[in-house]
Undergrad: 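Sharing a structure with you now.
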Amino acid sequence: MRYVDEFRDGTLARGIADRVAHEVRPDRSYRFMEFCGGHTHAIARYGVVDLLPAQVRMIHGPGCPVCVLPVGRIDNAIALALQHRVTLCTYADTLRVPASGKTSLLRAKAAGADVRMVYAASDALRIAREHPQREVVFFAIGFETTTPATALVLLEAERAGLGNFSVFCNHVLTPAAIAAILEAPRGAAAPALDGFVGPAHVSCVIGSAPYEPFAAKYSKPVVIAGFEPLDVMQAVRMLVRQVNEGRHEVENEYTRAVTRGGNARAIAAMAETFEPRPTFEWRGLGEVAGSALRIRDRFRRFDAEARYGIVYRPVPEPKGCECGAILRGAKSPSDCRLFGTVCTPENPVGSCMVSSEGSCAAWYGYGRFRDAARTA
Ligand code: SF4
């Protein structure tokens, strides 16, 4: 398949690995965070770490939509379904994220709540149209990748004058999260980083320009990369070069999809419907100023938070779960005592074991926990 097969070529991968090995300096280490769960998945699936020299360490970041959603937000969604008796629509992984009291949206569904899995935001809108007697809420999560689709359903709901549809908005912003990671005092809770592999799909929407301010401010290079293994390998090589040359620029490896300006129509739709929240709690990162979106006043009648008086309350992580530290890059999945024993993809304790983009699920699914010694 074009744009896929040629980016999974083993011979080419070994060639890039040889060049990386040739270019790394023996007297230093290189610690790069791949922000996106899609990259974590590619690294685990294709054994990218196995090809890299020992000086290069890949650190998983918080770029997994369901992983970063705090427990309290899932509790809010469950309350919508169980107490307000709405038809709650959301993406599949979200259904399985553990909430307070060993509940989840899937368990709420089993208890009789009308919770439905959708593939797209527009499916929720269709359900609202088909069931005018039902109150339908779309539980919207995700980074800038999924936000434009939510923006479009808000615009369409307004155009159609739908009275039984609203959105519980939990969309988050990538550049603010990366800045928060870099702002955190370095130490055990926040490892030192030499650069970032920048998101693929998010960058298709927002472009490469939004990373420029923090690359300059924090002197950290960013290389935006596609999700195929050769993309990641090439991005690592570009990062190694920037570090060696003392540069901290935003470079774009994923030129087949990402431009500097991004997708203007998607950006305009998001700006029309959403505005930044003053602050938002992330699992692992805590409260991060300006790191999420809320629905603009013009669309208030479609805002589930206003319509149902949703109040967010922070809830502690499940006991023993290290998702917070993993999402900050401070720990690896195998550092968690529950990994692979109490916590498995069939029986997830924390959010990082739910989605395929979650670090714990990727490590478990591809047997990367066997590499713990190598990546520690
Ligand atoms: S293995 Fe499970 S409990 Fe441990 S950090 Fe990962 S998701 Fe949390």
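For reference, positions follow the sequence shown, starting with 1. A quick note: this is a predicted structure, and the numbers were derived from the prediction, not measured. Read the numbers this way: they start at 1 and go in the same order the structure lists the ligands and their atoms.
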Undergrad: Just say parallel, tilted or perpendicular for the rings of Y211 and F214, cut-offs at 30° and 60°.
TA: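 The arrangement is perpendicular - the two ring planes meet at more than 60°.
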
Undergrad: Any idea which part of V342 is under 4.0 Å from ligand 1, heavy-atom wise: side chain, backbone, both or neither?
TA: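 Neither; no heavy atom under 4.0 Å.
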
Undergrad: Taking the inter-plane angle between the rings of F168 and F139 on a 0 to 90° scale, is it parallel (under 30°), tilted (30 to 60°) or perpendicular (over 60°)?
TA: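 Judged by the thresholds at 30° and 60°, the geometry between F168 and F139 is parallel.
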
Undergrad: What are the atoms of ligand 1, with element, lying closer than 4.0 Å to any heavy atom of M353?
TA: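 In order of numbering, the contacting atoms are 7 (S).
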
Undergrad: With a 3.5 Å cut-off and no angle check, do the side chains of E305 and Y312 form a donor-acceptor pair?
TA: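 There is no such pair between these side chains.
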
Undergrad: Got a sec: is C343 within less than 2.8 Å of atom 2 (Fe) of ligand 1 via an N/O/S atom?
TA: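 It does: C343 brings an N, O or S atom closer than 2.8 Å to atom 2 (Fe) of ligand 1.
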
Undergrad: Among all the protein's non-hydrogen atoms, which is closest to atom 1 (S) of ligand 1, and how far away is it?
TA: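 Going atom by atom, the protein heavy atom closest to atom 1 (S) of ligand 1 ends up being F339 CA, 3.6 Å.
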
Undergrad: Tell me whether C321 has at least one N, O or S atom under 2.8 Å from atom 8 (Fe) of ligand 1.
TA: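 Here the distance criterion (N, O or S atom, under 2.8 Å) is met by C321, so yes.
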
Undergrad: Apply side-chain hydrogen bond (donor to acceptor under 3.5 Å, both in side chains) to Q242 and E249, showing your working.
TA: CA-CA 8 Å; Q242 285 210 45; E249 298 162 12; 5.0 Å; no

Undergrad: Can you see whether H84 engages E135 through a side-chain donor-acceptor pair at a distance of less than 3.5 angstrom?
TA: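 No.
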
Undergrad: Where the closest heavy atom to atom 4 (Fe) of ligand 1 is concerned, which of G350, P348, C336 has it?
TA: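 Heavy atom nearest to atom 4 (Fe) of ligand 1 belongs to C336.
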
Undergrad: With side-chain hydrogen bond (donor to acceptor under 3.5 Å, both in side chains) as the criterion, how do T150 and H171 come out once you've worked through the C-alpha distance, each side chain's angles and the decisive distance to 0.1 Å?
TA: CA-CA 9 Å; T150 308; H171 286 300; 2.7 Å; yes

Undergrad: For A362 and S356, work out which heavy atoms get closest and say how close.
TA: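 Looking at all heavy atoms of both residues, the shortest contact is CB-O, 4.2 Å.
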
Undergrad: Looking at ligand 1, is there an atom of it that comes within less than 4.0 Å of some heavy atom belonging to P333?
TA: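 False for this residue.
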
Undergrad: So which protein heavy atom does atom 5 (S) of ligand 1 come closest to, and at what separation?
TA: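 Nearest neighbour among protein heavy atoms for atom 5 (S) of ligand 1, to 0.1 Å: E322 N, 3.2 Å.
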
Undergrad: Quick one: which of P318, C323, G320 has a heavy atom closest to atom 7 (S) of ligand 1?
TA: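 Of the listed residues, C323 has the closest heavy atom.
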
Undergrad: Atoms of ligand 1 less than 4.0 Å from I326 heavy atoms?
TA: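 This gives 5 (S) as the contact atoms.
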
Undergrad: Report the nearest protein non-hydrogen atom to atom 6 (Fe) of ligand 1: residue, atom name, distance rounded to 0.1 Å.
TA: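 Heavy-atom neighbour on the protein nearest atom 6 (Fe) of ligand 1: C360 SG, 2.3 Å.
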
Undergrad: Check whether the side chains of N252 and S208 place a donor and an acceptor atom closer than 3.5 Å, and report yes or no.
TA: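 Checked: N252/S208 side chains show no N/O donor-acceptor pair below 3.5 Å.
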
Undergrad: Just wondering, is there an N, O or S atom on C352 that's nearer than 2.8 Å to atom 6 (Fe) of ligand 1?
TA: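 So C352 does not bind atom 6 (Fe) of ligand 1 by this criterion.
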
